[in-house]
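Encoded as structure tokens, the structure appears first; notes follow it.
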Amino acid sequence: MPSSAVLELRRSLLDWYHQFGRDLPWRRNRDPYAIWISEIMLQQTQVKTVIPYYERWLTLFPAIATLATAEQQQVLKAWQGLGYYARARNLHRAAKVIVEQHGATFPQDLAAVLNLPGIGRTTAGGILSAAFNQAVAILDGNVKRVLTRLAAIEVPPSKASKQLWELSENLLDPEQPRDFNQALMDLGATLCTPQNPACLICPWSTHCRAYQFNLQSELPMFETRAPIPHKLIGVAVIWNDEGQILIDRRRQEGLLGGLWEFPGGKVEPGETVEACIQREIQEELGIEVTVGDRLITVDHAYTHFRVTLNVHHCRHVSGAPQPIECDEVRWVTLAEIDQFPFPKANVQIIEALRQASNV
DNA sequence: AAAGCGTGGAT
DNA sequence: TATCCAAGCTT
């Protein structure tokens, strides 16, 4: 039997949600497929960023079967710019699993949902509660922050995972799990924000231990983070006599897996950028090039390191390109290149090529 | 179990 | 410019 405090927390949060909850595209239907797509896109990604991708995705891939039969390149192209591309690859794989194992219908069983690639505990709870009103708890970034403050947990959230999950489960309203989970996320996104939380208008302020102790600005505590390295990269835009450019498709695993790129690699200590490019192209593609003028320098920050791409025009001299350290190589024209999914840093290179050639 | 995995926005 | 963080999952 839940305590009266828990009942009061549920009631006050749901009251607030019915007045101030957000109107979001994926809340307008209960189609588990559409909700699944939104949940995956929203992983580590802001609502504002997701909305146009979500709308476009449902036009391109309106049903699970459509997604399952699409080419991976189309899927990655639809994801281009969203980041964390394993999400798109896993979505594609999971769609095939659902077609093969669940008759193209999104499963309603928690264990089956958790078994799908790319779906963890939070995403499973988000889908099952939103689509089917199942009482499955969630613990995303918003909920972690709200609960950390509610209970004044004075260790970084990663050290309190078990406690936070238990809190989320105990608070969850078994009679209105859909609205409750959505409400908890909205509270974190709109009032219980990382900076300057709006405690004065928060429905939970009278129950919040952080507010009670004036700790709301100190919690949650920061996670410790390792400093990120900076890598210098030589990149080649290799031209042939037909005016085509050589691009390669990265391997499925790891950073930017399955995306296309301009070939290149890390500048070794004491090496010039030109020598690096010549060496990398020989090692990765088995061809000889001459390195010409610099096209552009691109600085880009990933999560775990930063890069400076030194991009040079190159001329193909000899040898047929081979996919030695990649999955595929291809000669393309500037007009064709938009069909291929590229990471953001490479899109900047394409834009520079367009400017240079006035297309 | 700590590290790897993108990008855009806010400060 | 540097840093943090946004509906986390996988290995």
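Because the structure is predicted, anything quoted here is derived from the model rather than measured. Naming: A, B, ... by sequence-line order, numbering from 1 per chain.
Bounding nucleotides for the chain A contact on DNA chain C, 5' to 3', at a heavy-atom distance below 4.0 Å, are C:dC4 to C:dT10.
Near DNA chain C, meaning a heavy atom under 4.0 Å from it, residues 214-237 of chain A has A:Phe222, A:Arg225 in order of number. Taken residue by residue, residues 16-34 of chain A places no heavy atom nearer than 4.0 Å to DNA chain B. Against DNA chain C, the stretch residues 142-179 of chain A makes heavy-atom approaches under 4.0 Å through A:Asn142, A:Arg145.
A salt bridge is defined here as a Lys NZ or Arg NE, NH1 or NH2 lying under 4.0 Å from an Asp or Glu carboxylate O, and A:Asp338 with A:Arg354 meets this definition. A salt bridge is defined here as a Lys NZ or Arg NE, NH1 or NH2 lying under 4.0 Å from an Asp or Glu carboxylate O, and A:Asp186 with A:Arg27 meets this definition. Under a 4.0 Å N-O distance rule, the pair A:Glu271/A:Arg279 qualifies as a salt bridge.
Cluster partners of A:Met221, by chain and number: A:Phe213, A:Leu215, A:Leu219. The rule joins Ile, Leu, Val, Met, Phe, Trp and Tyr whenever side-chain heavy atoms lie under 4.5 Å apart. Applying the 4.5 Å side-chain rule to ILVMFWY residues, one finds A:Leu232, A:Ile238, A:Leu246, A:Val267, A:Val273, A:Ile277, A:Ile281, A:Leu285, A:Ile287, A:Val291, A:Val329, A:Trp331 in the same cluster as A:Val289. Cluster partners of A:Ile324, using a side-chain heavy-atom cutoff of under 4.5 Å among ILVMFWY residues and allowing indirect links: none.
Between A:Ile247 and A:Glu261, the closest side-chain pair of non-hydrogen atoms is not below 4.5 Å.
Comparing the P positions of C:dC4 and B:dA3 gives a spacing of 16 Å, expressed to the nearest Å. Taking atom P in both C:dA7 and B:dT11, one finds a spacing of 15 Å when rounded to whole Å.
Each of A:Leu42 and A:Asn90 was matched to the nucleotide of DNA chain C holding its nearest heavy atom; the match closer to the 5' end belongs to A:Leu42. Heavy-atom nearest nucleotides on DNA chain C were determined for A:Glu39 and for A:Ile119, and the one closer to the 5' end corresponds to A:Glu39.
Whole-Å rounding puts the A:Leu309 CG to B:dG6 C1' distance at 14 Å. Computed from coordinates, the A:His304 NE2 to B:dG4 C1' distance equals 5 Å when rounded to whole Å. If you take CG of A:Asn346 and C1' of B:dG6, they are 13 Å apart, rounded to a whole angstrom. If you measure from atom CG of A:Leu256 to atom P of B:dC5, you get 9 Å, rounded to the nearest angstrom. Residue A:Phe342 contributes atom CZ, which lies 17 Å from atom C1' of B:dG6 at whole-angstrom precision.
Using a 4.0 Å heavy-atom distance criterion, A:Ile138 is classed as making no nucleic acid contact. At the heavy-atom level, A:Gly126 lies nowhere under 4.0 Å from the strands shown. Within the 4.0 angstrom heavy-atom criterion, only backbone atoms of the sugar-phosphate kind lie near A:Thr123; the bases stay farther away.
Put simply, the side chain of A:Arg306 never gets that close to the backbone of A:Pro229: no donor and acceptor are under 3.5 Å apart.
In this structure, A:Arg121 is positioned above the aromatic face of A:Trp165, its NZ or CZ under 6.0 Å from the six-membered ring centre and within 45° of the axis.
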Side-chain donor-acceptor distances from residues 93-114 of chain A under 3.5 Å, at least two apart:
unit_1, atom_1, unit_2, atom_2, d
A:Arg93, NH2, A:Asn90, OD1, 3.0
A:Lys96, NZ, A:Ala68, O, 3.4
A:Asp109, OD2, A:Ala112, N, 3.2

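Ring centroid separation for the pair A:Phe180 and A:Tyr17 does not come in under the 6.0 Å cut-off. Taking the six-membered ring for Trp and the full ring otherwise, the centers of A:Trp57 and A:Trp79 sit less than 6.0 Å from each other.
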Verdict with supporting geometry, A:Trp26 and A:Glu39, side chain to side chain contact (heavy atoms under 4.5 Å, CB included)
CA-CA 9 Å; A:Trp26 40 90; A:Glu39 289 288 339; over 6 Å; no
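Residues A:Gln72 and A:Gln252 bring a donor and an acceptor atom of their side chains to less than 3.5 Å of each other.
Evaluation of the salt bridge (charged side-chain N to carboxylate O under 4.0 Å, His left out) test over residues 138-163 of chain A, restricted to residues two or more places apart or in two chains, returns A:Lys162-A:Glu166. Sorted by first and then second residue, the salt bridge (charged side-chain N to carboxylate O under 4.0 Å, His left out) pairs with a member in residues 72-91 of chain A form an empty list; sequence neighbours excluded.
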Nucleotide N/O to protein N/O under 3.5 Å, stretch nucleotides 8-11 of chain B:
unit_1, atom_1, unit_2, atom_2, d
B:dG8, OP2, A:Lys344, NZ, 3.3

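Residues passing the salt bridge (Lys or Arg N to Asp or Glu O under 4.0 Å) test with A:Glu280, sequence neighbours excluded: none.
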